[in-house]
Amino acid sequence: MQVIILPSARDVALYAADCVVDVIDARTNPVLGLATGSTPIALYKELVGRYQSKQVSFRHTTSFNLDEYIGIADSHEQSYRTFMNRHLFDAIDIIATNTHVPLAESQDAGTLKKSAQDYEASIQQAGGIDLQILGIGLNGHIGFNEPTSSFASRTRIKTLSESTVVANKRFFKDGEFQPHLALTMGIGTILDSRAVLLMATGKAKAEAVKAMIEGPLSAMCPASALQLHETATIVLDEEAASLLALKEYYQWCEQKRQQLHEGNVS
Ligand code: GLP
């Protein structure tokens, strides 16, 4: 794992935006894996700004989102499709049909299973994901892979944990139906991405971040599966990094990595 610790949440967003633009510049038909949640909003804002100032085009980009709530329409105010359209897709030149968010409106298990299989097949057909953006839940979940999710899991129906339902309650009106199920890429699907970049900011994420980086490889912390990925970058602000035991070491590694990049091996 490459652990990058930056002064602020804004620096985390800028760093992530640079990584996304690097992939778009390097590939003829880049494939991005995208995430929802409050953490990547600043990244998407930055990408929209760079698009508007003509620093990047998404014309040839295909995207796959991690997850979607089951049982609400795409057009629902709180669907992840609506979130992505609002924060990114409607403001850039990506071709709408090249944006994928799991189709999860159905309440029928057979239809949802087929939708999950089709999603995996679409990722394969696109040539796999070049860069998967991730956030992290308070309990260490990635996508909607809650604790005890198999590290080999693929896109499937997942029951949300109580902690996740409570954390997301603020987005739903009083008395409004709040989904307790989601269709999510599996941990195996995420690990197949050629590179992953997990963003975490704020003190509330510090425990989960510590478990992910320095804890044991454990299904109790789904994000710890990223320890198995050859090209995983974890980009943190100071608060999210505050409980790491080896914080100074990661900063030292980063200095050394930059020196090596400049050809200096001293
Ligand atoms: C949801 C999403 C995750 C996201 C998490 C944390 O559960 N399914 O992909 O990482 O929320 O969101 P936030 O960035 O708002 O803390």
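Atoms within each ligand, like the ligands themselves, are counted from 1 in listed order.
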State whether the side chain of [X] and the backbone N or O of [Y] hold a donor-acceptor pair below 3.5 Å, judged by distance alone.
{"X": "Asp93", "Y": "Phe58", "value": "yes"}
{"X": "Thr201", "Y": "Ala9", "value": "no"}
{"X": "Thr99", "Y": "Ile94", "value": "no"}
{"X": "Gln78", "Y": "Phe172", "value": "no"}
{"X": "Ser193", "Y": "Ala195", "value": "no"}

Considering non-hydrogen atoms of the protein only, which is the closest contact for [atom], and what is the distance?
{"atom": "atom 12 (O) of ligand 1", "result": "Gly37 CA, 3.7 Å"}
{"atom": "atom 4 (C) of ligand 1", "result": "Thr36 O, 3.9 Å"}
{"atom": "atom 5 (C) of ligand 1", "result": "His141 NE2, 3.7 Å"}

Do any nitrogen or oxygen atoms of Gly143 lie less than 3.5 angstrom from nitrogen or oxygen atoms of ligand 1?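 In this structure, Gly143 places an N or O atom under 3.5 Å from an N or O of ligand 1.
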Indicate yes or no: does an N/O atom of Asp67 lie under 3.5 Å from an N/O atom of ligand 1?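 Min N/O separation from ligand 1 is below 3.5 Å for Asp67.
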Kindly say whether the aromatic ring centers of Phe83 and Tyr69 come within a distance under 6.0 Å. no
The test is side-chain hydrogen bond (donor to acceptor under 3.5 Å, both in side chains); show your working for Glu77 and Thr82 and say whether it passes. CA-CA 6 Å; Glu77 182 63 13; Thr82 298; over 6 Å; no
About how many Å separate CD of Glu214 and CG of Leu243, when rounded to the nearest 0.5 Å? 9.5 Å
Between ligand 1 and Met199, can you find any atom pair, the residue atom being a heavy atom, that is separated by under 4.0 Å?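 For ligand 1, residue contact (heavy atoms, under 4.0 Å) with Met199 is absent.
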Test item: side-chain donor near acceptor, Ser8 and Asp11, under 3.5 Å: yes
Can you list the ligand 1 atoms lying under 4.0 Å from a non-hydrogen atom of [X]?
{"X": "Lys205", "result": "13 (P), 14 (O), 16 (O)"}
{"X": "Thr39", "result": "13 (P), 14 (O), 16 (O)"}
{"X": "Gly135", "result": "10 (O)"}
{"X": "Phe144", "result": "1 (C), 7 (O), 8 (N)"}

Specify side chain, backbone, both or neither for [X], according to which of its non-hydrogen atoms lie closer than 4.0 Å to ligand 1.
{"X": "Tyr80", "answer": "side chain"}
{"X": "Ile136", "answer": "backbone"}
{"X": "Ser38", "answer": "both"}

